[in-house]
Amino acid sequence: MGIRFILMVNKQGQTRLAQYYEWLTLEERRALEGEIVRKCLARNEQQCSFVEHRNYKIVYRRYASLFFLVGVDNDENELAILEFIHLLVETMDRHFGNVCELDIMLHLEKAHFMLEEMVMNGCIVETSKANILTPVQLLEKT
């Protein structure tokens, strides 16, 4: 499986979107999110965007006020995951027009829907922005 979870977090450490591809209890999720968010937000911009935590490799990137954090297996390619994060942001930018924290909060179901179009069971299955956004646009028409 490659991707274990995807988190979108603001600068204050509040989770705005969480998508898990493995089963964890609510308490385990809260603890994991808290540890990872503290670890990633404490790092400065000169440090690399990869952190090892427990049995995960965390790949993260900051766009404006949002941090995109992806937990992957230790054998996953970090640069490929950084490209995936960039694709996710570009796709959301195309739909929302310069995506921000408020877009995620007000349109959480659309953000989850885009993620579900891109990732299935922890594997990236779609990388075409047009193919990802077409179902979202069709839903808006109905």
Side-chain angles (χ1 to χ4, degrees), residues 1-43 45 47-142:
M1 189 161 63
I3 298 174
R4 298 297 180 166
F5 57 85
I6 299 170
L7 302 173
M8 291 182 201
V9 180
N10 68 9
K11 287 191 275 188
Q12 289 76 37
Q14 298 167 312
T15 302
R16 295 304 180 199
L17 180 143
Q19 180 72 41
Y20 288 84
Y21 300 100
E22 67 178 355
W23 191 86
L24 294 172
T25 66
L26 197 56
E27 293 80 28
E28 291 172 324
R29 288 181 183 195
R30 274 196 204 117
L32 181 66
E33 286 177 26
E35 294 166 9
I36 291 170
V37 167
R38 276 191 298 278
K39 195 177 241 185
C40 292
L41 268 60
R43 295 169 63 88
E45 291 183 20
Q47 292 176 298
C48 74
S49 297
F50 318 129
V51 177
E52 290 193 12
H53 182 75
R54 294 188 191 174
N55 56 335
Y56 303 107
K57 189 183 301 178
I58 312 302
V59 181
Y60 69 95
R61 188 144 185 203
R62 179 181 170 193
Y63 287 90
S65 65
L66 277 176
F67 284 85
F68 292 76
L69 299 94
V70 180
V72 297
D73 294 326
N74 282 318
D75 58 346
E76 194 68 40
N77 183 335
E78 299 95 343
L79 296 178
I81 299 301
L82 274 177
E83 277 298 313
F84 165 74
I85 293 171
H86 190 68
L87 172 70
L88 176 61
V89 172
E90 283 183 333
T91 304
M92 290 184 169
D93 274 349
R94 185 178 288 181
H95 182 74
F96 295 118
N98 203 8
V99 68
C100 64
E101 180 182 354
L102 198 57
D103 292 321
I104 302 298
M105 291 171 58
L106 295 177
H107 305 285
L108 187 61
E109 71 287 341
K110 288 181 188 172
H112 272 288
F113 194 79
M114 286 180 214
L115 265 179
E116 289 168 4
E117 288 292 315
M118 297 173 80
V119 181
M120 185 178 296
N121 199 27
C123 298
I124 299 170
V125 294
E126 185 61 73
T127 58
S128 165
K129 291 178 207 136
N131 289 348
I132 295 164
L133 290 174
T134 300
V136 178
Q137 293 162 347
L138 287 173
L139 279 175
E140 288 181 338
K141 290 180 182 178
T142 58

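From a predicted model like this one, the values you see are computed outputs, not experimental measurements.
Between Gln14 and Met105 there is no side-chain heavy-atom pair separated by less than 4.5 Å. Between Leu32 and His53, the closest side-chain pair of non-hydrogen atoms falls below 4.5 Å.
Distance CG/Leu133 to NZ/Lys110: 11.0 Å, rounded to 0.5 Å. Glu126 CD to Glu117 CD: the interatomic distance, rounded to the nearest 0.5 Å, is 7.5 Å. Considering OG of Ser128 and CE of Met118, their distance stands at 10.0 Å, rounded to 0.5 Å. For the atom pair CG (Leu17) and CD1 (Ile104), the distance works out to 6.5 Å, reported to the nearest 0.5 Å. Between the CE atom in Met8 and the OG1 atom in Thr15 there is a gap of 11.5 Å [rounded to 0.5 Å]. Note that SG of Cys100 is 11.0 Å distant from CZ of Arg16, once rounded to the nearest 0.5 Å.
The main-chain N or O of Leu24 is found under 3.5 Å from a side-chain atom of Arg29 such that the two form a donor-acceptor pair. A donor-acceptor pair is defined here as one N or O able to donate and one able to accept, closer than 3.5 Å; such a pair exists between the side chain of Lys39 and the backbone of Glu52. Between the side chain of Glu76 and the backbone N or O of Asp73 there is no donor-acceptor pair closer than 3.5 Å. Between the side chain of Arg43 and the main chain of Cys48, a donor-acceptor pair closer than 3.5 Å is present.
Nearest heavy-atom pair across Ile132 and Thr91 is CG2-CG2, 3.7 Å. For the residue pair Ile124 and Thr127, the shortest heavy atom distance occurs at CG2-CG2, 3.9 Å. The shortest heavy-atom contact between Cys40 and Tyr60 is SG-CD2, 3.7 Å. Between Leu7 and Ala18 the shortest heavy-atom distance is CD2-CB, 3.6 Å. Contact detail for Val9 and Leu69: the closest heavy-atom pair is CG2-CD1, 3.6 Å. Residues Ala111 and Met92 share a closest heavy-atom pair of CB-CE, 3.7 Å.
A ring-ring contact (aromatic ring centres under 6.0 Å, His included) check over residues 98-142, counting only residues at least two apart or in different chains, returns the pairs Phe96-His107.
Note on Glu101 versus Lys11: no salt bridge recorded, every NZ/NE/NH1/NH2 to OD/OE distance being 4.0 Å or above.
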Side-chain donor-acceptor contacts of residues 77-90 below 3.5 Å, not counting sequence neighbours, with atom names and distances?
{"unit_1": "Asn77", "atom_1": "OD1", "unit_2": "Leu79", "atom_2": "N", "d": "2.9"}
{"unit_1": "Asn77", "atom_1": "OD1", "unit_2": "Ala80", "atom_2": "N", "d": "3.3"}
{"unit_1": "Glu78", "atom_1": "OE2", "unit_2": "Lys57", "atom_2": "NZ", "d": "3.0"}
{"unit_1": "His86", "atom_1": "ND1", "unit_2": "Tyr63", "atom_2": "OH", "d": "2.7"}
{"unit_1": "His86", "atom_1": "NE2", "unit_2": "Glu90", "atom_2": "OE2", "d": "3.0"}
{"unit_1": "Glu90", "atom_1": "OE1", "unit_2": "Lys129", "atom_2": "NZ", "d": "3.1"}

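Not counting sequence neighbours, the partners of Tyr56 by the ring pair (Phe, Tyr, Trp, His ring centres under 6.0 Å) test are Phe5.
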